Structure formats: structure tokens, C-alpha cells
S.K.: 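Please find one structure pasted underneath; my questions will follow.
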Amino acid sequence: MKISPNWIRDFVSPAASDRGVAEALTVSGIAIEGSFGEGADQTWEAEITTNRVDAMNHYGVAREVSAIYDVDLAPIAPKVSGNGPANFSIVIDDAEGCARYTGRVVRGVKTAPAPAQIAHRLELVEQRSISNVADASNYVLNEIGQPTHAFDLDKLEGGKIIVRRAREGETIFTLDGIERKLAPEDLVIADAVKPVAIAGVMGGDATMITDATKNVLIESAWFDPASIRRTSRRLGMHTDASHRYERGADPGITQLACARVAELILASAGGAVSDEIDVVTRTIPQSRIPLASSEVKRILGVEIPPEEIARILRRLGFTVEPGGPFKPAVGLSGEAEFTVTVPTWRLDVEREIDLIEEVARIYSYLKIPNTLPSFAGGVIEEPVAGKRSELRKRLLSLGYNESLSSTFIPQEDARAFANAEPVRIANPLSEEASFMRTSLVPGLLLQIAYNLNRGNTDVQLFEAGHVYAMQSEAVDEHNSLAFVSTGAACRASVHGKPEPFNFFHIKGDLEQLLAAFDVKDVSFDRTVPVWLHPGRSARAKVGGTTVAIFGQLHPEVAAARKLKQEVFVAEIFVEALYQLALRQPVYTPISKYPAVERDFSFVLPEGLEFESIRQKLSELAIAELTAIIPAETFRGGSLAAGTYSFLLRVRFQSSERTLRDDEVASWSQQIIDAVGSLGGSLRQ
Amino acid sequence: MYSVPKLEDFSPASLDAAADELLAALQAESQAISDPKAFEEFRNRWMARKNGLLTQVNESWLKAAPGPSKRDVGQRVNALKAQAEAIVSAAEQLAAGSALSAKIKSETVDISLPGIERPLGVRHPVLRTLDELISVFVKMGYSIAEGPEVETDYYNFEALNFPPNHPARDTQDTLFIANQEMKAQRDRLLLRTHTSPVQIRSMEKLTPPVRVICPGKVHRNDAPDATHSPVFHQLEGLCVDTNITFGDLKGTLDHAMKSMFGSDVKTSFRPSFFPFTEPSVEVSISCPFCGGNGCRPCKQSGWIELLGAGMVDPNVFGFVDYDPKKLSGFAFGMGIERLAMMTYNVDDIQQFFYGDVRFLEQFA
Ligand SMILES: [Zn+2]
């Protein structure tokens with residue numbers, strides 16, 4: 001809000017420049033974020049935290065200055081003496097919504113432009129000057145923070161004001177000319193016939209002050225914060241008045257504010273003021289809080305002398321009495337105890353800790369010495385932290401860039417890429433962002449498309465993050481990991497041609513990730529979701545558990561997403577993978593004896609896959625068979641249709657001795673026979 | 001071309017003259033060798049066992065020598081052979097050297113051509129910034145705690161001292177999960193607006209002393225623009241023990257900021273308001289990018305507001321059954337994207353979420 005330092009000096013006279021005061025206020029909690037203009041016309045932009053309604057006016061800021069500089073705060077004492085009964089009645093029907101309503105009637109006013117000083121000050125704080133009568137209320141709001149309202153008395157029917165809840169179907173045109181439909185929960189100010197204001201939010205158009213106004217009713221009330229908040233939220237009306245009321249205005253200021261408005265009207269518009277009408281339905285209690293200096297020290301870590309504590313609180317308007325409920329004023333160890341009564345304008349202060357904050361901020365945070373706590377505990381590792389970091393390290397080493405994609409995805413994607421009930425957002429930012437992601441894949445595919453559209457043809461990305469699904473009434477949220485690749489596995493350069501990324505690259509990368517874990521029995525099969533290419537994708541299982549699906553994105557899915565090159569995707573179900581331990585490397589001695597390599601050129605029937613051969617050879621249980629390597633495959637040429645040639649390389653080695661020719665020959669024959677049993681034959 | 005002469009005179013002088021002549025010829029021929037092939041021819045001509053020139057010396061000089069001088073001639077011929085072998089060996093090394101240098105010459109590449117790229121992946125700049133902060137606090141004895149991103153109203157608000165319908169909730173721009181109306185308010189699901197719920201969950205699980213940091217993703221109903229994103233990251237921290245003071249809060253954050261940004265960085269603390277801390281504080285650091293002279297990240301002020309913090313509100317302790325009369329603690333939190341933007345001079349927060357490799361690869 002806008003604050004005029006000159007206006008503040010109506011109430012306090014610190015021996016400091018405006019600039020100095022601004023800095024001191026900032027350090028103490030009223031942040032002066034900017035300064036505009038010069039001299040008496042200077043204004044500050046003050047950022048006042050939402051709990052400090054009391055400081056959202058000039059008198060409140062002056063009170064802070066008074067505490068910071070330990071200087072007196074001039075009282076505000078309007079000189080108004082009523083000259084008779086108001087001949088008007090005020091009734092509060094709803095004590096819950098309105099604790100107090102103070103009113104005065106001013107008769108015989110002459111509306112005119114506001115006095116120059118009033119108009120000027122309102123302009124400084126970016127308020128429009130309207131007229132002498134209308135400005136009085138606005139001036140008082142900026143001066144002491146109490147929202148007041150002035151009605152044209154002659155427009156109020158039945159000679160009375162009733163504070164009540166709105167009736168079903170009631171409407172009101174507010175000051176801004178908009179018709180508002182009222183709900184029965186809304187607190188209104190009504191005359192004998194109709195609502196004339198939405199209490200604490202905005203006055204009505206029909207009863208507002210005009211140039212023709214002769215007689216005025218001044219309203220200065222205290223409304224229940226929750227009620228004002230409900231109504232202002234429901235109607236979407238955020239006003240200067242509602243802002244203060246919903247955060248808790250000062251229940252003790254209604255009379256003063258009413259008199260101050262009357263004083264300003266009398267001074268500028270003439271007329272005669274009535275006696276005060278003050279209706280109180282309930283008292284807002286003032287907290288009395290025990291405060292121990294030992295507690296100040298326990299929380300702040302610094303010894304602030306008891307007299308300094310008392311001085312700060314008194315300057316802020318707190319009543320400080322020595323002695324607590326159970327202890328004398330000064331205890332055995334010299335610590336003091338106080339009983340502090342909170343002023344009516346500080347509804348935010350309810351507890352000892354709130355008082356400690358008051359003391360700390362005026363004492364100055366900067367004067368509290370920096371210390372480091374000692375610590376006896378130990379550091380606890382997240383159970384999966386090491387596994388996650390190992391996967392991340394490996395993906396980075398393999399050339400995948402770490403990415404972050406949106407948590408929100410469109411409904412189609414949420415359903416297409418996972419077999420789960422997606423979580424819907426009640427108030428999404430957009431239609432495309434109305435569901436929580438069920439898989440990381442669609443987000444990464446969007447990023448692939450973003451890159452391809454910008455000519456980045458070689459893209460490798462991974463993302464680790466949460467995915468979400470509804471499970472009955474709850475949300476199931478778990479970790480997932482996906483990586484995608486498109487373009488070259490090895491980029492084109494002056495040194496050679498590019499090597500396009502293919503299925504076996506992504507399989508190899510996946511195997512590098514699985515190799516971080518203690519896995520002995522990884523198997524692959526073709527059980528994959530429909531969004532993958534059925535011929536170039538696979539599922540990886542460890543034991544019986546699926547740990548990943550991977551392969552080429554289905555060409556139809558790619559086409560629908562306008563991806564014009566082959567895209568490879570792997571989705572890792574890390575929660576399953578994290579059940580496994582990280583592999584603990586153990587050294588195996590390297591054999592001193594030479595290895596023997598043998599190549600076999602087989603012709604195999606189409607459809608006989610390497611895995612079948614590998615398994616068959618494993619079943620031979622030849623301990624010295626240390627490697628089974630698919631060295632080369634070839635189709636066409638002189639080969640019969642329905643067959644292909646397969647160069648199998650095996651390695652025999654013993655850690656105990658040099659192998660004999662005859663045993664190698666015998667094992668070789670076993671291998672030829674085993675492949676033969678699968679339908680393969682040695683190529684002639 | 002040199003050939004081995006027949007000797008008439010076997011006197012020492014005559015033998016010396018013949019030997020000098022032979023060595024001179026050998027030397028001259030060795031110096032004319034240009035490649036390994038020429039060396040082979042040269043060696044055959046001189047050293048071949050059968051009919052090489054030195055073998056001929058045996059025939060023509062030693063065997064022809066008269067009996068009484070045979071001993072002297074034999075010694076001289078042996079010396080001559082040794083000298084010849086040294087010359088041939090030197091020639092051999094020279095020939096091999098010139099062959100290697102020819103090979104090296106033919107293998108020379110244009111070293112100004114670019115290297116073959118085998119790209120490493122790059123950590124995301126936001127997560128890299130988060131890593132650095134995490135490591136600062138882990139070194140100070142903080143454990144890492146995580147929690148769900150879909151939270152209940154209770155953990156995101158109520159237990160953090162945001163009562164239902166409190167105006168402080170307005171500042172949080174919350175995204176809510178659909179179809180929660182049937183549930184009690186405290187059980188309604190929403191996307192956490194800060195990582196503070198993890199502080200509550202940590203306190204529920206742990207017995208003090210507690211030192212945790214809670215890094216993670218949070219969501220707000222903020223329309224995306226250059227400085228806002230509905231998805232962003234925070235790091236929060238919590239320290240609770242029997243003797244934690246506001247001075248400890250100041251000292252800890254001052255130390256952490258110096259570890260992160262360098263020992264020249266200064267911290268400043270001023271009052272603020274958060275429902276879950278009392279007293280609350282806003283922490284600024286002297287601008288590490290310009291040293292306080294003024295630059296774009298610090299908006300020319302020399303200072304950057306970086307953290308919100310405060311002493312844990314006793315009401316919060318009430319929610320987790322900690323005794324606020326015995327325990328005290330501080331909490332702090334900060335947004336990561338904003339810091340990453342300042343650190344890396346990124347002017348649009350949306351860049352973090354496009355996955356554009358031209359952007360990401362700059363952080364290698
Ligand atoms: Zn700077």
C-alpha cells in the first residue's frame with residue numbers, strides 16, 4: 001500500500017530522515033519496497049504482511065516508528081460534541097456477524113469539493129478525491145485504518161438501520177453500479193425496507209452520498225472476519241474494507257473513527273452532529289498473556305533486558321504489568337515475568353510466541369547474534385537414494401539429457417499410455433492440463449516433438465518423477481523413470497556417417513541400467529502395450545517381475561503425434577527395480593590359461609531366435625564354455641528361402657589348466673548337435 | 001663401384017691403406033641409402049656370408065697372406081670387420097628411422113578438425129542447482145526426506161497452521177483434485193503447494209533431534225509465463241531440538257549461503273509472515289552475481305530475497321505431539337527455479353520444461 005512519510009510525521013517525530021525511517025521500518029517488518037516523489041510529496045510503496053492489518057494505515061505505521069525510535073505517538077482525539085439525540089435507530093439482529101455498530105448523524109451538510117489538504121493526501125496514496133463528505137470516510141481509512149461508511153440519511157427508509165442476514169432473493173446495486181444477488185449467509189446493512197450495503201464489503205448505490213446530500217449517517221462497525229470473508233469470496237468482491245475486516249479490524253476503534261469522520265465532515269461541510277449511537281452486542285476479548293524473559297531467551301538465543309522488552313511492547317500499545325500469574329516480577333535467577341494485555345488492534349497476537357516476535361522485530365533481527373546449533377543425531381539415507389542416483393549417473397553417462405516435463409497431461413494421453421484411472425484436477429489451468437500424468441512417456445514424446453519441430457534431430461532425454469492414478473478414493477503416487485531417443489546413436493561428422501539409433505541401442509542402454517542391480521535372470525518377451533511397435537519392442541523381466549518395457553514407438557502413434565522419424569522409448573518400473581539390491585562387485589581371478597575360440601557357421605530356420613540357442617547351449621552345462629556370442633547373421637544370397645545364416649562364436653577356457661584339443665573337439669560336436677536339434681545345420 | 005683389391009704387399013702400411021679405402025667406400029655407400037629396400041641391398045653387397053665384400057676380404061687378404069704375416073693380417077681384418085659392422089648397424093638405424101618418419105608423415109591428421117562427439121548427458125539445471133543445495137545441507141548433518149506430491153488438506157494446510165477459510169490460504173493458489181466434496185475438509189486431496197507437508201510427516205515419524213531437508217516438486221495454479229510455472233521445485237529444511245534458537249536459524253542459513261555462494265556473501269534477515277513459523281523471517285543474500293554492485297538478477301539492488309524462514313510455530317508442534325515448552329526449532333524454504341534462473345542467466349522459466357536439447361546441452 002501507499003504510505004506518505006509526511007503524513008506519518010503528523011503523529012511521530014523521529015530524529016531521522018525519511019530514508020532512515022524507511023530502512024528502519026523495513027528491518028522491523030514494514031517493508032518499504034520503493035520510494036517515489038520528493039519532499040512532502042514523497043510516497044512509499046509498503047508491503048505489509050497479511051497478518052498486520054493494524055499497520056495498513058498511517059497511524060499504524062507511525063506506531064511502529066514510535067516503537068523503533070522510542071519516541072511518543074501523538075494521540076488522535078477528535079473534538080466532536082454531539083448536540084442532541086440522533087432521532088434514528090440502529091438494531092443489530094445478528095450478534096455473531098456484528099459485534100459493534102457506532103453511528104452518528106450529521107444534518108445540514110453542504111457538499112463541495114474536499115479541502116485541498118485532504119484531496120492532496122488522498123491523491124498521494126492514489127485515492128480519488130470525490131467531495132468533502134465522501135472523502136472523510138476514505139481519509140479516516142488511510143489515517144487510522146477503520147473502514148467507515150457514509151449513507152445519505154434521507155434515502156434510508158423507516159428511520160432505522162438493521163444489521164441482519166440477507167433474505168432469500170434479495171439483491172442490491174452496489175456503489176460500482178453492479179446488481180448483486182445476495183445469499184442468506186451474507187451480512188447486510190438494511191433500512192426498514194431493503195439492504196443498503198453489503199456489510200464490510202461495499203455500500204449500496206441507492207443510499208450513497210451525492211452532491212445533493214443534506215443529511216448523513218456515519219457507520220463505524222466491527223464485523224466478524226469469517227462472515228465478511230465468505231461473502232467477499234462468494235461475490236468476488238475484494239475491497240479496501242473487506243481486506244481489513246476479513247483479517248480482523250480493530251473492535252476498539254469504532255467510536256473514535258466515527259467521531260473522526262464527523263469531525264472532518266463538520267470542518268469541511270458544516271452541519272450539526274448528533275450524539276453517538278453505539279450498539280454493542282458482544283465484546284471481543286483482549287488477550288492477557290504471561291511473558292517470561294527466559295522464554296524470550298530460549299527462542300531468540302539472546303538476552304534482552306526485561307526493561308527493554310517492556311519498553312518495546314508498551315510503545316506498540318501493549319499494557320505490560322510486572323509479575324506473572326504464578327511468579328513474582330523478578331525471579332531468583334533475575335529473570336522477569338510479565339502479564340501483557342494485547343491492544344484491541346492486534347487481534348493477531350494471541351500467544352507468548354507472538355509477543356516474542358514483536359520484541360524480536362523491534363529489537364531488530366540483525367542484532368541477534370548468529371550461532372550454529374550442536375547436533376547429536378545422525379543422517380538418515382532415503383532407502384532408494386543410492387539406487388536412484390546410480391540410475392541417473394548411468395543415464396547421463398549413456399548420453400541422455402535429464403529433463404523435466406509437465407505433471408499435467410490431456411485425458412487421451414493419460415489413458416493411452418497407462419492402464420490406470422487418471423487423476424483429474426478440479427480447477428485445471430487448461431483443458432490440456434486437466435489430468436495428472438499416468439506415465440512419463442507422453443511428456444517426453446511432447447518434448448521429442450518440440451525438438452524435431454525445431455530441427456533438433458538427435459535427441460536423447462530421460463526423466464525421473466512421480467506418476468499418479470486413482471485407486472478407489474485415494475491417489476496412488478509412485479516413482480517412475482523413462483528415457484527416449486531418436487536420431488543418431490553416433491552423429492554424422494566429417495569423420496564418418498551417422499549410426500541411426502535402433503532397437504538394440506535402447507536395449508543395450510536398458511541392460512546397462514539393469515546391470516547396476518543384482519540381477520541374475522533377466523528375460524525378455526514380446527508382451528508390450530499397444531503403443532509400441534510389436535516387432536521391435538520387448539518387456540524386460542527380472543525373475544517373474546516386469547521391470548521395463550522398451551522399443552520403438554508404434555508407427556501409428558508416431559504418425560498421430562507428427563513424429564517423422566523413428567522414436568525409441570523405455571519405461572522403467574523403478575518401484576519394482578528398487579526391490580533389488582545394487583550389484584556388489586566381487587573380483588573373479590583372471591585365468592592364466594589361454595582361451596580357445598571356435599566359430600560355427602550355421603544355417604537356421606527363420607524364426608529360430610538366438611535366445612533358444614543360448615538356452616540350449618547353457619543346458620549342455622559345459623563348465624569351460626565361458627562365452628556364447630552371436631557374431632554375424634546373413635540373409636539372402638545362395639541361402640534357401642526361410643533360412644538364414646548365423647555365425648556362432650564360442651569361447652572355452654579353464655581357470656585350472658590348458659584345454660586339450662580332443663576335449664574342445666568333443667564340446668564343439670555337442671554344440672553342433674544341440675543346434676541341430678533346434679533345426680539348424682552347419683553350413684556346407 | 002668399390003671392389004676388394006688383391007694385395008701384393010702385406011706390410012702394415014699397405015694393409016692400413018687398403019682398410020681405409022674399404023671403410024671410406026662403405027661409409028660413402030651407407031650415406032646414400034634412402035629407404036629400407038636400399039639398405040637391404042647395401043647389407044647384402046657388403047655383409048652377405050656368401051660373397052659379400054667382407055667375406056672377400058677373408059679370401060683375398062687373409063688367406064692370401066704369407067705365413068709369417070698371417071697373425072698380424074688376421075688381427076687387422078677382425079678390427080676392420082668390427083668397424084664395418086658398426087657402420088652397417090648405424091646405417092640400419094638410419095634407414096629404419098626414415099621409414100618410421102615416412103609412416104608418421106603419411107598418418108598425420110588435420111588436428112583442427114573437430115573431435116568425434118560422444119555426448120554425455122547433462123543434468124537438468126534446476127536439479128543441478130537442487131543437488132548443490134542438498135549437498136550443502138547434507139554436509140551440515142541434514143537428512144533428506146521426501147513425501148507425496150498429492151497431499152491432503154490436513155498436511156498442506158491445517159497442520160501447518162492454516163485454519164480452514166483463513167485468508168493466508170489465498171496466497172497459495174492451490175490446485176485441487178476433483179471429486180473431493182464428499183470428504184471431510186482435512187481429507188480432501190490437493191497438489192501440495194509447498195514441500196512443508198514433508199516437515200509434518202517427518203516430525204510424525206521422527207523423535208527429536210530432527211534435521212531434515214525436503215526437496216521436491218510443488219504445484220500452484222499459476223498461469224505459465226516467463227516467471228511463473230504451475231510446476232516448480234522447492235527445498236525446505238527443518239531443525240528441531242531442545243535448544244534451537246533464532247540465532248541458530250540465522251547462523252545456519254548464513255553458513256549455508258556462504259557454502260553455496262562463497263564466503264564473501266552476506267545475509268540479511270527481516271520480519272515476514274508465514275502461518276507455520278513465529279517469528280517469521282525473510283532472508284536475503286548480498287548478490288553473488290555482481291558482488292552487491294547491482295545487476296539484472298538483483299534488480300540493481302545488490303540484494304536477492306532468497307529464503308523464507310522462521311521458528312516453528314508452537315501450533316505446528318501441537319499437531320505432531322511435540323511439546324513446544326521443551327522443544328524449539330526453525331524451518332526454511334526456497335524456490336529452486338528462481339535461483340537456477342539467476343545462476344544461469346535464464347530469462348524464461350518455461351525453458352526448463354521444454355526439453356529443448358539446445359537449451360539443456362548448454363549446462364554440460
Ligand atoms: Zn546483482
Side-chain angles (χ1 to χ4, degrees), chain A residues 26-29 49-51 226 229 246-247 298-302 353-354 356-357 360-361 365-366 368-373 375-377 379-380 382 385 395-407 423-427 429 447 450-451 456 459 461 466 468 475 477 491 493-495, chain B residues 113-114 116-117 119-124 126-127 138 141-144 146 148-150 165 167-168 175-178 189 209 211 217 219 221 223 230-231 239 241 244-248 250-252 254-255 269-273 278-279 281 311 313-314 328 352-358 360-361:
Chain A
T26 303
V27 164
S28 303
T49 53
T50 56
N51 57 325
R229 178 170 161 78
E246 72 178 43
R247 285 165 176 76
R298 183 176 78 97
I299 298 297
L300 300 182
V302 67
I353 191 73
D354 301 327
I356 293 171
E357 178 176 55
R361 64 182 187 82
Y365 285 4
L366 302 179
I368 298 173
N370 291 3
T371 49
L372 281 174
F375 186 57
V379 174
I380 310 155
E382 275 279 296
L395 279 160
L396 290 169
S397 309
L398 290 165
Y400 291 86
N401 290 317
E402 186 172 43
S403 194
L404 291 167
S405 69
S406 178
T407 323
V423 178
R424 188 164 67 80
I425 305 293
N427 55 336
L429 282 141
Q447 297 193 333
Y450 183 95
N451 277 290
N456 312 331
V459 185
L461 298 173
H466 290 191
Y468 321 80
V475 170
E477 176 180 345
R491 294 178 189 181
S493 76
V494 65
H495 312 293
Chain B
L113 286 174
I116 294 174
E117 217 188 322
L120 289 170
V122 176
R123 274 190 294 167
H124 193 282
V126 168
L127 301 179
V138 166
Y142 285 74
S143 303
I144 301 170
E146 293 180 353
E149 290 158 21
V150 176
N165 296 316
L175 286 162
F176 298 96
I177 304 299
L189 296 173
R211 275 193 194 192
K217 198 173 272 180
H219 295 86
N221 193 349
V231 183
C239 175
D241 205 342
I244 302 298
T245 68
F246 191 86
D248 293 336
K250 287 185 66 191
T252 298
D254 184 71
H255 180 78
F269 298 82
R270 70 184 208 204
S272 188
F273 170 69
E278 188 84 5
V281 51
M311 300 302 288
D313 194 290
S328 54
F352 290 136
F353 304 103
Y354 292 142
D356 189 331
V357 292
R358 297 167 304 178
L360 295 174
E361 285 172 4

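A, B, ... follow the sequence lines: proteins, then strands. Residue 1 opens every chain. Quantities reported herein were computed from a predicted structural model and do not represent experimental measurements.
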S.K.: Within this structure, what is the CG-CG distance for the pair A:L429 and B:L175, rounded to the nearest 0.5 Å?
M.R.: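 Between A:L429 CG and B:L175 CG, I get 5.5 Å after rounding to 0.5 Å.
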S.K.: Sort B:L360 into side chain, backbone, both or neither according to what part of it lies under 4.5 angstrom from a heavy atom of chain A.
M.R.: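 For B:L360, the side chain is the part near chain A, not the backbone.
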S.K.: Provide the closest heavy-atom pair for A:H466 versus B:E149 in the form atom of the first, atom of the second, distance.
M.R.: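 Closest pair (atom of A:H466, atom of B:E149, distance): ND1-OE2, 3.3 Å.
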S.K.: Side chain from CB out, backbone as N, CA, C, O: work out which of these in A:Y450 comes under 4.5 Å of a heavy atom of chain B, or both, or neither.
M.R.: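 The side chain, not the backbone.
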S.K.: At a heavy-atom separation under 4.5 Å, does B:E117 approach chain A through its side chain, its backbone, both, or neither?
M.R.: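 It is the side chain, since no backbone atom gets that close.
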S.K.: Chain A: which of B:M311, B:R123, B:H255 shares the most heavy-atom pairs with it under 4.5 Å?
M.R.: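 Greatest number of close heavy-atom pairs with chain A: B:R123.
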S.K.: Report the option among B:V231, B:I177, B:D254 that has the most heavy-atom pairs separated by less than 4.5 Å from atoms of chain A.
M.R.: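 Between B:V231, B:I177, B:D254, the count favours B:I177.
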S.K.: B:P148, B:G251, B:P114: which one forms the most heavy-atom pairs within less than 4.5 Å of chain A?
M.R.: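 It is B:G251.
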S.K.: Among A:G301, A:G29, A:G399, which residue forms the greatest number of heavy-atom pairs with chain B at distances under 4.5 Å?
M.R.: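 So the answer, after comparing A:G301, A:G29, A:G399, is A:G399.
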S.K.: Report the distance from atom OG of B:S272 to atom CZ of A:R361, rounding to the nearest 0.5 Å.
M.R.: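 One finds 12.0 Å between OG of B:S272 and CZ of A:R361.
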S.K.: Measure the shortest side-chain to side-chain distance between B:F353 and A:S406 over non-hydrogen atoms and say whether it is less than 4.5 angstrom.
M.R.: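 In short, these two side chains do not touch, never coming nearer than 4.5 Å.
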S.K.: For the atom pair CG (A:N451) and CZ (B:R358), what is the distance rounded to the nearest 0.5 Å?
M.R.: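 Separation between the atoms: 7.5 Å.
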S.K.: Can you tell me which of B:V281, B:L127, B:I144 forms the most heavy-atom pairs within a distance under 4.5 Å of chain A?
M.R.: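 Among B:V281, B:L127, B:I144, the one with the most close pairs to chain A is B:L127.
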S.K.: What part of A:V27 is in contact with chain B, defined as an atom under 4.5 angstrom from a non-hydrogen atom: side chain, backbone, both or neither?
M.R.: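 Interface part for A:V27: backbone (N, CA, C, O).
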S.K.: Check whether any side-chain heavy atom of A:L300 sits under 4.5 Å from a side-chain heavy atom of B:T245, and report yes or no.
M.R.: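 Not in contact.
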S.K.: Any idea which of B:R270, B:R211, B:E146 has the most non-hydrogen atom pairs under 4.5 angstrom with chain A?
M.R.: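 Of the options given, most contacts go to B:R211.
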S.K.: Can you tell me which portion of A:T26 sits under 4.5 Å from chain B's heavy atoms? Options are side chain, backbone, both or neither.
M.R.: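 Both backbone and side chain.
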S.K.: Side chain from CB out, backbone as N, CA, C, O: work out which of these in A:E246 comes under 4.5 Å of a heavy atom of chain B, or both, or neither.
M.R.: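 Its backbone and side chain both get close to chain B.
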S.K.: Quick one: which of B:V122, B:D356, B:L120 gives a side chain to side chain contact (heavy atoms under 4.5 Å, CB included) with A:N401?
M.R.: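 One option only clears the test, and that one is B:V122.
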S.K.: Is B:I244 close to chain A through its backbone or its side chain, or both, or neither, when contacts mean heavy atoms under 4.5 Å?
M.R.: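 Contact with chain A involves both backbone and side-chain atoms of B:I244.
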S.K.: What part of B:N221 gets within 4.5 angstrom of chain A, counting heavy atoms only: side chain, backbone, both, or neither?
M.R.: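 Contact with chain A is through both the backbone and side chain of B:N221.
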S.K.: Got a second to check how far A:I380's CD1 is from B:Y142's OH, nearest 0.5 Å?
M.R.: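 If I round to the nearest 0.5 Å, the distance is 13.5 Å.
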S.K.: Mind listing the closest non-hydrogen atom pair of B:E361 and A:R491 along with its distance?
M.R.: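 Distance-wise, the nearest heavy atoms are OE2-NH2, 3.7 Å.
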S.K.: Can you tell me which portion of A:R229 sits under 4.5 Å from chain B's heavy atoms? Options are side chain, backbone, both or neither.
M.R.: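 Contact with chain B: side chain only.
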S.K.: Among B:A223, B:S328, B:P230, B:P314, which residue forms the greatest number of heavy-atom pairs with chain A at distances under 4.5 Å?
M.R.: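 Result: the option with the highest number of such pairs is B:P314.
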S.K.: A:P373 and B:C239: which non-hydrogen atoms are nearest, and at how many Å?
M.R.: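 Looking at all heavy atoms of both residues, the shortest contact is CG-SG, 4.4 Å.
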S.K.: Quick one: are B:T252 and A:L372 in side-chain contact, heavy atoms under 4.5 Å?
M.R.: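 In short, these two side chains touch, coming nearer than 4.5 Å.
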S.K.: Heavy-atom distances under 4.5 Å only: say whether B:F352 touches chain A with side chain, backbone, both or neither.
M.R.: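 The backbone, not the side chain.
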S.K.: Give the member of A:N427, A:V475, A:L461, A:T49 that has the highest number of heavy-atom pairs under 4.5 Å with chain B.
M.R.: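 That would be A:N427.
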S.K.: Which atoms of B:V126 are under 4.5 Å from chain A, going by heavy atoms: the side chain, the backbone, both sets, or neither?
M.R.: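 For B:V126, the contact with chain A is made by the side chain alone.
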S.K.: Quick one: which of A:I353, A:V494, A:T50, A:L398 has the most heavy-atom pairs under 4.5 Å with chain B, could you say?
M.R.: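 Heavy-atom pair counts peak at A:I353.
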S.K.: For A:E357, does its backbone N or O pair with a side-chain atom of B:E278 as donor and acceptor, under 3.5 Å?
M.R.: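 Side chain of B:E278 to backbone of A:E357, a donor-acceptor pair under 3.5 Å: no, none is there.
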S.K.: Supply the atom-to-atom distance A:L366 CG to B:F269 CZ, rounded to the nearest 0.5 angstrom.
M.R.: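 With rounding to 0.5 Å, CG (A:L366) is 8.5 Å from CZ (B:F269).
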S.K.: Say you draw a straight line from CZ of B:F246 to CD1 of A:I368; how long is it, rounded to the nearest 0.5 Å?
M.R.: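 B:F246 CZ to A:I368 CD1: 5.0 Å, rounded to 0.5 Å.
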